[in-house]
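One structure is given below, encoded as structure tokens.
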2 protein chains.
Amino acid sequence: MRIGQLAQSVGVDTQTIRFYERQGLLPPPGRQENGYRVYTEKHVERLAFIRRCRILDLSLAEIHELKRYQDAPHQSCTAVNALLDDHISHVRSQITALQALEKQLVSLRARCNDDREVKACGVLAGISEGSMHQQ
Amino acid sequence: MRIGQLAQSVGVDTQTIRFYERQGLLPPPGRQENGYRVYTEKHVERLAFIRRCRILDLSLAEIHELKRYQDAPHQSCTAVNALLDDHISHVRSQITALQALEKQLVSLRARCNDDREVKACGVLAGISEGSMHQQ
DNA sequence: ATTGACCTTATAGCGACTATATAGTTTTAA
DNA sequence: TTAAAACTATATAGTCGCTATAAGGTCAAT
Ligand SMILES: [Zn+2]
Ligand SMILES: [Zn+2]
Ligand SMILES: [Zn+2]
Ligand SMILES: [Zn+2]
């Protein structure tokens, strides 16, 4: 299986596959005489795993870490679960921050009804005043 | 006022100030004979404005756009308000996406109680299975 | 013989900084 | 007075996870 086929079967760009290889996420495949990469079913699985991790918004570093755990299958999975717990709290704090941001933006927006002159725009005034509780 | 003073009074790194200048966000200041940048109160206000925009997570492009509107103070502010509306919907869709992600992660995490072998870890199994509704 | 689809590497760009290297200037203190 | 510390300058590279471009080699079909 060549790179284009792998790319299509997992739904990834060929560039991305080479990128993962350079990053050490995907093991270097064999090569044909002409230099073309040759992949196996294991590569398909591995790449699909990476993609599913990315859908979960795990960073490449976190995926690396998961890989290291997979390579020691008889150890306790505490670290795996902890990684996920950490990631969940990453996501939660992002949500919290964005919700606070949304509140701020909505109240800023409420300072202007349409059709004023820019000079009198409540939104611009609100930003310029600095009447924002930071963070 | 030199760059360090400006940086301290607004709470920004000097590098960031030079970066904003290169980006055309902050007008190039005057220079002393020795080449040092000299800033005025207007620069302080302008930089503070930029920072408040960044706290609202507006992109540098969006801040540029706001600046253009400020330069035409007698036009209608419809575009300003529209920019903010767009930005609010950016933020809202980010929140929605992250909430869906959180749900997925929490249900994945529920598949494993601690102290299993990695081999039997419900989290890793969950990712590998691909039993994830995508997006 | 040439088109087209595929493959290769190398390099640069995105956004918004941040860090490093190297060098010149000013200020402070021994 | 001189040496160190603190400040300034430019240029360049790194962050993250790709994505795009350039310039070329390979292969099958027309
Ligand atoms: Zn994470
Ligand atoms: Zn307005
Ligand atoms: Zn926006
Ligand atoms: Zn587990």
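So you know, we letter chains A, B, ... as the sequences are listed, proteins then strands, and number each from 1.
- Taking 4.0 angstrom as the limit, A:T16 places a side-chain polar atom (N or O) nearer than this to OP1 or OP2 of D:dT19.
- For the pair B:I127 and A:L56, the tightest heavy-atom approach, listed with the atom from each and the gap, is CG1-CD1, 4.1 Å.
- Using a 4.0 Å cut-off, no side-chain N or O of B:N34 falls inside it from OP1 or OP2 of D:dA9.
- Donor-acceptor pairing under 3.5 Å, judged by distance alone, is present between the side chain of A:Y36 and the base of D:dG25.
- Residues A:K67 and A:G24 share a closest heavy-atom pair of NZ-O, 3.5 Å.
- One can place CD1 of A:I63 at 8 Å from P of D:dG17, the figure rounded to the nearest angstrom.
- In this structure, B:R18 does not reach the C:dA19 phosphate: none of its side-chain N or O atoms is under 4.0 Å from OP1 or OP2.
- Side-chain atoms of B:R51 and B:Y20 include a donor-acceptor pair closer than 3.5 Å.
- Between the CG atom of A:D57 and the P atom of D:dG17 there is a distance of 9 Å, given to the nearest Å.
- Cluster annotation: A:V38 is not connected to A:L47 through the hydrophobic network of ILVMFWY side chains, with a link wherever side-chain heavy atoms come within less than 4.5 Å.
- If you check every strand for non-hydrogen atoms under 4.0 Å, A:R2 touches sugar and phosphate atoms only.
- Distances shorter than 4.0 Å separate none of the side-chain N or O atoms of A:T14 from OP1 or OP2 on C:dC6.
- Considering only the side chain of A:I3, C:dT8 comes nearest among C:dC17, C:dT8, D:dA9.
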So which protein N/O to nucleotides 20-24 of chain D N/O distances come out below 3.5 Å?
unit_1, atom_1, unit_2, atom_2, d
D:dA20, N7, A:Q15, NE2, 2.9
D:dT21, O4, A:Q15, NE2, 3.1

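- Smallest separation of non-hydrogen atoms from B:V118 and A:Q70: CG1-CA, 4.1 Å.
- In the displayed structure, A:Q75 atom CD is contacted under 6.0 Å by at most 12 heavy atoms of other residues, nucleotides or ligands.
- The nearest whole Å value for the distance from the CD atom in B:Q23 to the C1' atom in C:dC14 is 12 Å.
- Across all strands shown, A:R37 has heavy atoms under 4.0 Å from sugar-phosphate atoms exclusively, and none from any base.
- Hydrophobic clustering, with ILVMFWY side chains joined whenever heavy atoms are under 4.5 angstrom apart, groups B:M1 together with B:I50.
- Toward the 5′ end of DNA chain C lies the nearest nucleotide of A:G35, the other residue of the pair B:A61 and A:G35 mapping further downstream.
- Phosphate contact (OP1/OP2 of C:dC17, side-chain N/O of B:Y20, threshold under 4.0 Å): present.
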